[in-house]
Amino acid sequence: MKITFITIFPEMVRSFCAESLLGKAQSSGAINISVVNPRDFASPPHFKVDDTPYGGGAGMVMLAEPLLASIRHARSHSPGAKVILMTPSGSVFSQNIARKFSANDLIFVCGRYEGIDQRVIETAIDDQCSIGDFVLMGGEAAAFCVVEATVRLLPGVLGNSQSIAEESFDETGLLEAPCYSRPISLPEGDVPAVLQSGNHKLIAEWKLEQRCEITKRNRADLIEKKENQTNGKT
Ligand code: ADE
């Protein structure tokens, strides 16, 4: 899978993607990450990538021309890719969207300042994606979230495919059960006896009970959503 970031902070991307499982996924060839800097497509002598908005208002707008040239360049190296603008005005990202994104090469346009020229959105963007109802200082950190969630679904990226089979936001609609490791006893508490029992049926029942309880306590909205789906309301 080819992933391209369009950003005026290329080092931010390179250092984030070099670490941990994203670094390993690059070394194994499961993903190929590249970065395009709009400043490289800006005009001399000042190589400006932003300017004030027409009509007034706060902040600066990312200029259309360097962004359009960056997207054209990225597309020429990744012809079938989806071009995704990271913006708080986009559709909210989810595990389902991560599954969809994992089927394509991706180009992330990471905005900064107040936003990007609308003509870029109308002519060169396939999807607009938000990671939640809050405003970050730019799209890079948001794109990192989307890339992590998407890349971990690719075959061979996680060591154990069971970690994808039973997890939060799987088809049960429940959050994950708590997990424990050594030692069995700590001043802070013991590992639940059932997990030490070796009885897989009892363990599965315990995990399901825990998942229901945690979901009810932390995310009652997920239970409601699942019930509505079951009753055919959504
Ligand atoms: N850029 C700034 N805030 C953002 C958000 N919440 N999601 C995606 N991109 C963003």
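Counting starts at 1 for both ligands and their atoms, following the listed order. Excluded from the calculations below are hydrogen atoms, water molecules and symmetry mates; all remaining heavy atoms, backbone and side chain alike, are included.
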Can you tell me if [X] has over 12 outside heavy atoms packed within less than 6.0 Å of its [atom1]?
X: K207; atom1: NZ; result: no
X: R14; atom1: CZ; result: yes
X: E205; atom1: CD; result: yes

In terms of atom number and element, which parts of ligand 1 are under 4.0 angstrom from non-hydrogen atoms of [X]?
X: F134; answer: 3 (N), 5 (C), 6 (N)
X: A142; answer: 7 (N), 8 (C), 9 (N)
X: G132; answer: 6 (N)
X: C129; answer: 8 (C)

Tell me, which protein residue and heavy-atom name are nearest [atom], and how many Å apart are they?
atom: atom 3 (N) of ligand 1; result: L136 N, 2.9 Å
atom: atom 7 (N) of ligand 1; result: I131 N, 3.0 Å
atom: atom 4 (C) of ligand 1; result: P88 CD, 3.5 Å
atom: atom 9 (N) of ligand 1; result: T87 N, 3.2 Å

Exercise. Considering non-hydrogen atoms only, spot the tightest contact between A74 and V36 and give its length.
Key: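 Answer, listing the atom of A74 first, then V36: CB-CG2, 4.3 Å.
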Self-check item: ligand 1 contacted by G138 (non-hydrogen, < 4.0 Å)
Solution: yes
Quiz item: Taking only residues two or more places apart in sequence or in another chain, which ones pass salt bridge (charged side-chain N to carboxylate O under 4.0 Å, His left out) with D126?
Solution: R75
Practice problem: Under the salt bridge (charged side-chain N to carboxylate O under 4.0 Å, His left out) rule, collect the residues that match up with E65, sequence neighbours excluded. | Solution: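 For E65 there are no salt bridge (charged side-chain N to carboxylate O under 4.0 Å, His left out) partners, ignoring immediate neighbours.
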Quiz item: Between N96 and S94, is any side-chain donor less than 3.5 angstrom from a side-chain acceptor?
Solution: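 There is no such pair between these side chains.
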Quiz item: Do T7 and E140 have side-chain N/O donor and acceptor atoms under 3.5 Å apart?
Solution: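 Yes, E140 and T7 have a side-chain donor paired with an acceptor closer than 3.5 Å.
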Quiz item: Backbone or side chain, does any N or O of M137 fall under 3.5 Å from an N or O of ligand 1?
Solution: no
Self-check item: Part of D133 with heavy atoms under 4.0 Å of ligand 1, whether side chain, backbone, both or neither
Solution: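 Looking at D133 and ligand 1, no heavy atom falls under 4.0 Å.
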